[in-house]
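Worth saying up front: this structure is predicted, and the values here are computed from it rather than measured. Heavy-atom basis, side chains included; hydrogens, waters and symmetry copies ignored.
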Amino acid sequence: MTEPLVRNHTEITQELFREGANAQLNRKYNRMAAKVALALLAALAVLAVLMRLMSGGLASLGFELVIFALVLGWIRIALPRTECKRAYQTFESRCGGFTGREVSFYEDHLLVQPEMEEPVTILYAEITDVQETKHTLTLICGDDTSVLLDKAGFLLGGVEDVRALIAG
């Protein structure tokens, strides 16, 4: 095999994992929160009309608005944190506590070499999205595979080189 064009070593800590995962989870839960918000707003509107027709007062709608805010807060704040923590624990147990990995980038593919697992080859054509945070670059390949890179972990090349290789 030829020499890699770009190399990265990442020790995936819980903080790094959380930062990279939050970008993905925020997108997922923003969509869910929007759908739930629309459904709850429709239910509140129907309830407001019914209450107005039956009793003439809308005072009890305040309680429903509090419940509305709590449900949306749970979807946007508590649920992503819980899922992220659970995902990291699963990741850590799957790799037996060895959370380091080296990723080598070649002309048309990348090679992920975890410390205690078999290497995985991913073609650049399989990458569907790239998400960037302050410290991470996450390459998303379909719905269930992603490669988390620590921006400070580049041994050869850098983030711009990775973008150029993926863009082809």
Any donor-acceptor N/O pair, N8 side chain to D150 backbone, under 3.5 Å: yes
Reported CD-to-OG1 distance for the pair E19 and T136, which is rounded to 0.5 angstrom: 4.5 Å
Nearest heavy-atom neighbours spanning L148 and L16: CD2-O, 3.9 Å
Spacing of T13 atom OG1 and R18 atom CZ [to the nearest 0.5 Å]: 8.5 Å
hydrophobic_cluster_shared for L149 and L165, side chain cutoff 4.5 Å: yes
Side-chain donor-acceptor pair present, Q131, T138, cut-off under 3.5 Å: no
Test item: Q113 side-chain N/O and E118 main-chain N/O as donor-acceptor pair under 3.5 Å: no
I127 with V162, same ILVMFWY side-chain cluster at under 4.5 Å: yes
Heavy-atom neighbours of E15 CD exceed 12 at 6.0 Å: yes
Separation between CG of L5 and CG of D161, rounded to the nearest 0.5 Å: 8.5 Å
Sub-4.5 Å side-chain heavy-atom contact between Y124 and L110: yes
4.5 Å side-chain heavy-atom contact, K85 and Q14: yes
Charged N-O contact under 4.0 Å between E102 and R7: yes
Nearest heavy-atom neighbours spanning P114 and P119: CD-CA, 4.3 Å
Nearest-0.5 Å distance that lies between atom CG in D129 and atom CD1 in I140: 4.5 Å
L156, V6, L111 screened by side chain to side chain contact (heavy atoms under 4.5 Å, CB included) with F105, the one that passes: V6
For E126, all residues meeting side chain to side chain donor-acceptor pair (under 3.5 Å), sequence neighbours excluded: none
Spacing of L137 atom CG and I166 atom CD1 [to the nearest 0.5 Å]: 6.5 Å
Nearest non-hydrogen partners of I122 and C141, listed with the distance: CG2-SG, 3.7 Å
Cationic N near anionic O, under 4.0 Å, K151 to E132: yes
Same cluster (ILVMFWY, side-chain, under 4.5 Å), I12 and V112: no
Interatomic spacing from CZ in F154 to OG1 in T10 - rounded to 0.5 Å: 7.5 Å
